[in-house]
Each structure stands twice: as structure tokens, then as C-alpha cells.
**Q** 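Take this structure, written in C-alpha cells, and hold onto it; I'll ask about it next.
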Amino acid sequence: MSVYEQIYAIVCQIPPGKVATYGQVATLANLPGRARLVGYALYRVDSMADDIPWHRVVNAKGEISHSPQRRGTDYLQRSLLEAEGIEFGDRDNINLRQYLWQPLASGDFGEAGGT
DNA sequence: GAAATGACTTTCA
DNA sequence: CTGAAAGCCATTT
């Protein structure tokens with residue numbers, strides 16, 4: 001129960017209306033390359049903690065990942081994300097270009113148009 | 001202590 | 001972009 005706290009901290013820092021990828025959270029949590037640990041951690045957390053916006057954490061493709069055990073929870077996550085104001089694409093994927101959480105961009109400044 | 005698991009990421013084609 | 005394979009290493013039993 002140590003690396004988890006780091007992950008929880010990062011996930012809790014994710015602002016509403018945005019999402020972060022496991023890899024990014026892992027990096028921010030000082031755990032580069034341990035993306036799996038992030039997901040693994042959240043998997044353990046959701047069962048014992050509900051103060052963590054795990055639904056704001058998605059995979060690199062901007063999609064919702066899930067284990068065959070959680071089944072159905074993916075639907076819940078999508079619902080929560082939509083509640084945050086996030087929209088999904090044609091294949092249940094999110095526009096990371098816009099919804100990806102950027103801790104550096106303290107607000108809405110240098111949003112150098114991507115497209 | 002060792003083996004098995006795992007909500008992923010990145011690289012090559 | 002998508003698809004496939006390898007790497008990653010803490011948690012769990």
C-alpha cells in the first residue's frame with residue numbers, strides 16, 4: 001500500500017471535465033512505466049474507496065478499459081464522464097486533444113491549437 | 001520466497 | 001489510423 005497512495009493522489013488531482021491516461025497518471029505519480037500499476041491500483045481501490053474519480057482515468061486511446069470482472073462498470077464510467085461534460089466519439093473514445101488532463105496548463109492559457 | 005496476475009504503453013509494419 | 005507483440009513491476013496468493 002504505498003505506490004497506490006501516489007496514484008490516488010494524482011487521480012484525485014484530476015479536474016472535472018478532463019481525463020488522464022494511465023501512463024500519464026503513472027508518470028505524474030512518479031511511477032514512469034508503471035501504467036499497469038495504476039490500473040491495477042484503481043482496480044483495488046474502487047472496492048474500498050469511492051473518493052477517487054477512477055472514472056476519469058482512461059487508456060492511451062482515450063477509451064474506457066475494464067476487466068472482465070468489473071463488466072458493466074465500463075458503462076458506469078462512460079456515464080460519469082458524460083456527466084463531467086466529456087463527449088465520446090464514434091467508437092466510445094474520447095477526444096484526448098481536448099479532454100486530456102494537462103497539469104501544466106494551469107487553466108486555459110497556451111492552448112496552442114492542435115489541429 | 002516464488003509464481004501468477006494485470007483498468008496499460010510503446011514500438012514496428 | 002489500426003493491429004500485433006514485448007516490456008513493465010507491484011500486488012496477491
Side-chain angles (χ1 to χ4, degrees):
Chain A
M1 299 296 192
S2 34
V3 302
Y4 283 15
E5 290 191 7
Q6 289 284 28
I7 297 167
Y8 304 154
I10 302 303
V11 178
C12 286
Q13 304 306 28
I14 302 175
K18 288 199 175 180
V19 298
T21 67
Y22 292 95
Q24 184 155 19
V25 173
T27 302
L28 295 171
N30 214 348
L31 304 167
R34 265 119 297 205
R36 309 184 72 175
L37 281 306
V38 180
Y40 195 66
L42 294 173
Y43 168 70
R44 296 294 193 187
V45 174
D46 79 75
S47 293
M48 54 192 276
D50 41 329
D51 296 341
I52 302 175
W54 57 277
H55 54 259
R56 289 186 199 152
V57 186
V58 295
N59 60 14
K61 288 180 289 192
E63 270 191 54
I64 301 172
S65 309
H66 59 90
S67 166
Q69 302 287 320
R70 297 292 74 184
R71 44 174 173 168
T73 41
D74 59 333
Y75 171 77
L76 175 63
Q77 182 169 21
R78 186 177 64 183
S79 183
L80 290 166
L81 291 174
E82 287 184 311
E84 294 290 338
I86 297 171
E87 297 179 18
F88 285 75
D90 297 333
R91 259 200 66 235
D92 304 324
N93 63 316
I94 306 169
N95 191 350
L96 296 177
R97 293 297 193 181
Q98 199 168 357
Y99 295 111
L100 180 60
W101 175 44
Q102 293 175 126
L104 298 179
S106 41
D108 41 337
F109 278 106
E111 304 243 342
T115 50

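Note that the structure is a prediction, hence the values are computed from the model and not measured. Letters A, B, ... are given to chains in the order of the sequence lines, protein chains preceding strands, and every chain is numbered from 1. All values below come from the heavy atoms of this structure, side chains included, with hydrogens, waters and symmetry mates left out.
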**Q** Rounding to an integer number of Å, can you tell me how far A:N30 CG sits from C:dA10 C1'?
**A** 15 Å
**Q** Expressed in angstrom and rounded to an integer, what is the separation of A:R97 atom CZ from C:dC1 atom C1'?
**A** 12 Å
**Q** What is the distance from OH of A:Y43 to C1' of C:dA10, rounded to the nearest Å?
**A** 15 Å
**Q** For A:G33 and for A:Y40, find the nucleotide of DNA chain C with the closest heavy atom, then tell me which residue's nucleotide is more 5'.
**A** A:G33
**Q** Nearest whole angstrom, please: distance from the C1' of B:dA7 to the OH of A:Y75.
**A** 20 Å
**Q** Determine the stems involving DNA chain B; a stem requires 3 or more consecutive pairs of the Watson-Crick or G-U wobble kind, each with both distances below 3.5 Å, and the answer is none if no such run exists.
**A** B:2-6 with C:9-13, B:8-13 with C:2-7
**Q** Please tell me whether A:V57 and A:V3 are part of a single hydrophobic cluster in this structure, the criterion being side-chain heavy atoms less than 4.5 Å apart.
**A** yes
**Q** Whole angstroms only, please: what is the CG-P distance between A:L42 and C:dT12?
**A** 13 Å
**Q** Hey, what are the protein-to-nucleotides 9-13 of chain B N/O distances that come in under 3.5 Å?
**A**
residue : atom : partner : partner atom : Å
B:dT9   : OP1  : A:A60   : N            : 2.9
B:dT9   : OP2  : A:A60   : N            : 2.8

**Q** Output the distance between atom CD1 (A:I7) and atom CZ (A:R44), rounded to the nearest 0.5 Å.
**A** 12.5 Å
**Q** State the CZ-CD1 distance between A:F88 and A:I94, to the nearest 0.5 angstrom.
**A** 4.0 Å
**Q** A:I10, A:I52: one ILVMFWY side-chain cluster at the under-4.5 Å cut-off?
**A** yes
**Q** Measure the distance from CD on A:Q6 to P on C:dA10 and round it to the nearest whole Å.
**A** 13 Å
**Q** Please report the distance, rounded to the nearest Å, between CG in A:L37 and C1' in B:dT5.
**A** 12 Å
**Q** With sequence neighbours left out, write down each residue that passes salt bridge (charged side-chain N to carboxylate O under 4.0 Å, His left out) with A:R78, or none if nothing qualifies.
**A** A:D92
**Q** Examine distances only and state if a side-chain atom of A:Q24 and a backbone atom of A:W101 form a donor-acceptor pair shorter than 3.5 Å.
**A** yes
**Q** When you group the ILVMFWY residues by side-chain heavy-atom contacts below 4.5 Å and let the links chain together, are A:L100 and A:V58 in the same group?
**A** yes
**Q** Between C1' on B:dA7 and CD on A:E63, what's the gap in Å once rounded to a whole number?
**A** 13 Å
**Q** Indicate the atoms forming the closest heavy-atom contact of A:H66 with A:I64, along with that distance.
**A** CD2-O, 4.0 Å
**Q** For A:A35 and A:Y22, which heavy atoms make the closest approach, and how far apart are they?
**A** O-CB, 3.9 Å
